[in-house]
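For reference, the structure discussed in these notes is given below.
Given the structure is predicted, the values throughout are model-derived calculations rather than measurements.
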Amino acid sequence: MLTRLATGFIGGALAIFIIYEGNWLFFLMILLLALLGWHEFDGLARKLKGQIPVKVMSLWLVLYFTAFWFSNTKGTVLLTAFAFTWFMLRMVFRYGRLKPSDSALGCFGLLYVTIGFSAMLAIREGMVGSYLTAAFSEPQLQPGRFLFFLLIFSTWASDTFAFFVGKAKGKTKLCPAISPGKTREGALGGFIGTVAVALFCAAIGHFSLLHGFVIGLIIAVMAPLGDLAESILKRSAAVKDSGSLIPGHGGVLDRFDSLLLAAPAVYAYLILIA
């Protein structure tokens, strides 16, 4: 527990600094996390007897996130088409050595990593926030910076409140077949804590309380689902953690599983109200 708290504090402080600074520093952090997450997914795929093109798609991730960062729509579309074509052709030319499930697993893993981290990049770098100035009364922070802090603090609240309420009051198992440690009481505590933190962030950031409340609800639902989804992947691969990069926390996918589902959902909502 001490190791978990220490690495969580240090990692959290570093993340807050990089999020606040943004720009290239944030882009490089997201790109690094995406690459590490992809390699961790490759490890899970190997446990499942799957073969995915980890090296080729590592290069693809670098190119895709670079194109995304520069708002190069043609580049992102072409790279997406290339990825799909590559998976299909790989299955054809390596027939007998690869199974269709290998291509399906690779596509799923690439989508899992790319969509989640792309959404984080889009939210932080103001690709949506700059159009939401009407939702702020007297913004204390640049919109993209504020919206990402709203996302990450609310997601952290989901995990934290669920953990401590579950430890103190948890009696009824939530999904014992997927994650035996989670309880309904903990899930309820996480839900309430997430919405409360989202409203608090909206109030101090002079952001619309209505939108803050809705974003809190979205995160309160999607964050634990992201956690459960990654738990299914690990359970299927018969491993406790996706990696061992972060002492006491496991790997990148373990640490960012909630955000990987919450971020795209919040981004979709911001697009709808922009």
Exercise. Any link between Leu233 and Leu174 through a network of hydrophobic side chains (Ile, Leu, Val, Met, Phe, Trp, Tyr) touching at under 4.5 Å?
Worked result: no
For this session: Could you tell me which non-hydrogen atom of Gln51 sits nearest to which non-hydrogen atom of Arg97, and how far apart they are?
Result: NE2-O, 3.3 Å
Using distance only, find each side-chain donor-acceptor pair of residues 10-39 under 3.5 Å and give its atom names and separation, not counting sequence neighbours.
residue: Trp38; atom: NE1; partner: Val54; partner atom: O; Å: 3.1
residue: His39; atom: NE2; partner: Ser58; partner atom: OG; Å: 3.0

Exercise. Can Asp102 and Met91 be said to form a side chain to side chain contact (heavy atoms under 4.5 Å, CB included), step by step?
Worked result: CA-CA 8 Å; Asp102 291 322; Met91 185 171 60; over 6 Å; no
Problem set entry | Close side-chain approach of Leu79 and Trp60, heavy atoms under 4.5 Å | yes
For this session: Give a yes or no on whether the backbone of Trp156 and the side-chain of Asp159 come within a donor-acceptor separation of less than 3.5 Å.
Result: no
Seminar exercise, completed: One should read off an interatomic distance between Asp241 CG and Arg255 CZ, to the nearest 0.5 angstrom, of 11.5 Å
Problem set entry | Beyond-backbone contact of Leu132 with Pro143, side-chain heavy atoms, under 4.5 angstrom | no
Problem set entry | Cluster link Val266 to Phe149, ILVMFWY, side chain under 4.5 Å | yes
Exercise. Which heavy atom in Pro264 sits nearest to a heavy atom in Leu261, and how many Å separate them?
Worked result: CD-O, 3.4 Å
Exercise. With a 4.5 Å heavy-atom cut-off, do Met120 and Leu260 have their side chains touching?
Worked result: yes
For this session: Please round to the nearest 0.5 Å and tell me the distance separating atom CD1 of Ile152 and atom OG of Ser258.
Result: 11.0 Å
Exercise. Just how far is it from atom OG1 of Thr73 to atom CZ of Phe68, taken to the nearest 0.5 Å?
Worked result: 9.5 Å
For this session: Specify the closest pair of heavy atoms between Ala263 and Leu151, including all atoms of both residues, with the distance to one decimal.
Result: CB-CD2, 3.9 Å
Exercise. Do the side chain of Ser103 and the main chain of Met88 share a donor and acceptor less than 3.5 angstrom apart?
Worked result: no
Donor-acceptor pairs under 3.5 Å, side chain of residues 211-228 to any protein atom, not counting sequence neighbours: which ones?
residue: His211; atom: ND1; partner: Tyr269; partner atom: OH; Å: 2.8
residue: Asp227; atom: OD2; partner: Lys182; partner atom: NZ; Å: 3.3

For this session: Apply side chain to side chain contact (heavy atoms under 4.5 Å, CB included) to Gln142 and Arg124, showing your working.
Result: CA-CA 10 Å; Gln142 180 265 342; Arg124 171 59 188 92; 3.3 Å; yes
Exercise. Transitively linked via ILVMFWY side-chain contacts under 4.5 Å: Phe117 with Trp69?
Worked result: yes
Exercise. Which of these passes side chain to side chain contact (heavy atoms under 4.5 Å, CB included) with Lys74: Asn72, Thr76, Val77?
Worked result: Asn72
Exercise. Hey, does the side chain of Glu185 reach the backbone of Thr172 with a donor-acceptor pair shorter than 3.5 angstrom?
Worked result: yes
For this session: Locate the shortest heavy-atom distance separating Gly190 from Phe161; write the atom from each residue and the value.
Result: CA-CB, 3.8 Å
Exercise. With ring centroids as reference points, do Phe146 and Phe136 lie under 6.0 angstrom apart?
Worked result: yes
Exercise. Is Asp257 close to Tyr112 at the side-chain level, that is, under 4.5 Å between some pair of heavy atoms?
Worked result: yes
Problem set entry | Joint cluster assignment, Leu199 & Ile273, ILVMFWY side-chain distance < 4.5 Å | yes
Exercise. Hey, quick one: are Leu63 and Phe87 part of the same hydrophobic cluster, counting side-chain heavy atoms closer than 4.5 Å, chains of contacts allowed?
Worked result: yes
Problem set entry | Which atom of Arg235 lies closest to which atom of Pro180, heavy atoms considered | NH2-CD, 3.3 Å
Show me the donor-acceptor pairs within less than 3.5 Å that the side chains of residues 41-50 make with the rest of the protein, sequence neighbours left out.
residue: Asp42; atom: OD2; partner: Arg46; partner atom: NE; Å: 3.0

Exercise. More than 12 non-hydrogen atoms from neighbouring residues, nucleotides or ligands closer than 6.0 Å to CZ on Phe65, yes or no?
Worked result: yes
Exercise. From Glu125 CD over to Phe148 CZ, what is the distance, rounded to the nearest 0.5 angstrom?
Worked result: 9.5 Å
Exercise. To the nearest 0.5 Å, how far apart are CZ in Phe153 and SG in Cys201?
Worked result: 6.5 Å
Exercise. Are Leu110 and Leu61 close enough that some pair of their side-chain heavy atoms sits under 4.5 Å apart?
Worked result: yes
Seminar exercise, completed: For Ala157 and Gly193 the tightest heavy-atom approach is CB-O, 4.0 Å
Problem set entry | Carboxylate-amine/guanidinium contact Lys234 Asp254, below 4.0 Å | yes
For this session: Output, in order, the C-alpha distance, side-chain angles, deciding distance and verdict of side chain to side chain contact (heavy atoms under 4.5 Å, CB included) for Phe207 and Leu147.
Result: CA-CA 9 Å; Phe207 183 63; Leu147 289 169; 4.1 Å; yes
For this session: Might you confirm whether atom CZ of Phe84 has over 12 heavy atoms from other residues, nucleotides or ligands at distances under 6.0 Å?
Result: no
For this session: Just do the side chain to side chain contact (heavy atoms under 4.5 Å, CB included) check on Ser118 and Tyr267 with the steps written out, would you?
Result: CA-CA 10 Å; Ser118 292; Tyr267 179 70; over 6 Å; no
